[in-house]
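This report concerns only the one structure given below.
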Amino acid sequence: MNNNDVLRRLRYAFDFGDQQMMNLFTHAGLTVSRAQVSDWLKKDEDEAFQACDDVTLANFLNGLIIEKRGRKDGEQPVPESRLNNNIIFRKLKIALDLKDDDIVQMMTDIGFRISKPELSAFFRRADHHHFRQCQDQILRNFIKAVQIKYRESSED
């Protein structure tokens with residue numbers, strides 16, 4: 001998944017407004033304008049579309065962790081210069097304080113079956129022999145499960 005798609009899906013999943021999005025970046029020490037956020041959220045075909053780089057998305061995810069879990073004592077995490085689906089998945093798991101059982105249940109609720117050993121393989125070190133690369137389909141389904149669980153339903 002590209003970074004802009006992740007940003008759009010998370011904004012929708014948590015029903016964040018522009019100001020909330022800007023605040024999440026600020027939590028991680030990055031000041032962004034409403035115009036920048038708007039350009040990152042535009043569809044790829046839009047002429048005002050701007051690509052969201054890995055450092056920017058890492059700052060957003062770090063800000064989400066701080067928003068949901070609180071700022072940790074001591075030195076704050078440095079945003080990764082290179083992101084992949086495994087890192088994004090791990091940061092979302094941390095931000096939402098989810099255990100493996102919670103994730104398995106959330107995925108089952110949307111009709112996507114995943115076992116605990118499959119899931120734990122995504123959170124291992126890349127050099128571990130049981131490490132597994134998180135594919136786009138899995139991250140997309142996880143964000144969909146997050147949306148169903150955490151989005152305030154305006155249809156009710």
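What you see is a predicted model, and the numbers here were worked out from it, not measured in a lab.
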What I'd like to find out is whether the side chain of [X] reaches to under 4.5 Å of the side chain of [Y], using heavy atoms alone.
X	Y	value
R151	F14	no
P77	K72	yes
R9	M1	yes
L61	I65	no
L64	N62	no
F131	N86	yes
L30	T26	no

Determine the minimum heavy-atom distance between [X] and [Y], stating which atoms define it.
X	Y	answer
H130	H128	N-ND1, 2.9 Å
D53	N3	C-ND2, 3.3 Å
C52	L7	SG-CD2, 4.2 Å
C134	L139	SG-N, 4.1 Å
K42	F49	O-CD1, 3.2 Å
Q36	T31	OE1-O, 4.3 Å

In one Ile/Leu/Val/Met/Phe/Trp/Tyr side-chain cluster, 4.5 Å: [X], [Y]:
X	Y	answer
I103	I94	no
L83	W40	yes
V37	V55	no
L57	L92	yes
I110	L98	yes

Would [X] and [Y] pass as an ion pair if we require N to O under 4.0 Å?
X	Y	value
R125	D127	yes
D97	K68	no
R8	D44	yes
D18	R11	yes
K93	D100	yes

For the atom pair [atom1] ([X]) and [atom2] ([Y]), what is the distance rounded to the nearest 0.5 Å?
X	Y	atom1	atom2	answer
I114	M106	CD1	CE	12.0 Å
M21	S38	CE	OG	10.5 Å
E67	N23	CD	CG	7.5 Å
F112	R140	CZ	CZ	10.0 Å
K91	E80	NZ	CD	4.0 Å
I87	R82	CD1	CZ	9.0 Å

Q. Which of parallel (below 30°), tilted (30 to 60°) and perpendicular (above 60°) describes F16 and F60?
A.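 Rings of F16 and F60: perpendicular, as their planes differ by over 60°.
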Q. Parallel under 30°, tilted from 30 to 60°, perpendicular over 60°: which one fits the rings of F123 and F89?
A.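 Perpendicular, since the angle between the ring planes exceeds 60°.
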Q) Which is it for N84 and Q133 under the side chain to side chain contact (heavy atoms under 4.5 Å, CB included) test, yes or no, and what are the steps along the way? A) CA-CA 9 Å; N84 60 37; Q133 192 68 36; 4.0 Å; yes
**Q.** Residues that R132 engages under side-chain contact (heavy atoms from CB on, under 4.5 Å), provided they are two or more places apart
**A.**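 Checked R132 against side-chain contact (heavy atoms from CB on, under 4.5 Å); matches are E118, A121, F122, I138.
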Q | From CA spacing to verdict: side-chain hydrogen bond (donor to acceptor under 3.5 Å, both in side chains), Q135, N85 | A | CA-CA 7 Å; Q135 300 301 314; N85 289 349; over 6 Å; no
Q.
Working note: R71 + Q76, criterion side chain to side chain contact (heavy atoms under 4.5 Å, CB included); need CA distance, chi angles, decisive distance, verdict.
A. CA-CA 8 Å; R71 189 174 297 276; Q76 296 305 306; 3.4 Å; yes
Q. Do N59 and T56 meet the criterion of a side-chain donor-acceptor pair at a distance under 3.5 Å?
A.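 Checked: N59/T56 side chains show no N/O donor-acceptor pair below 3.5 Å.
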Q | Pair L10-Q147, side chain to side chain contact (heavy atoms under 4.5 Å, CB included): steps then yes or no | A | CA-CA 8 Å; L10 291 175; Q147 172 190 325; over 6 Å; no
Q.
Using the rule given for side chain to side chain contact (heavy atoms under 4.5 Å, CB included), can you reason through I88 versus V6, listing the C-alpha separation, both sets of side-chain angles and the distance that settles it, and then say yes or no?
A. CA-CA 9 Å; I88 294 168; V6 171; 4.1 Å; yes
Q | Set of side chain to side chain donor-acceptor pair (under 3.5 Å) partners for Q105, sequence neighbours left out | A |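 Counting only residues at least two positions away or on another chain, Q105 forms a side chain to side chain donor-acceptor pair (under 3.5 Å) with D109.
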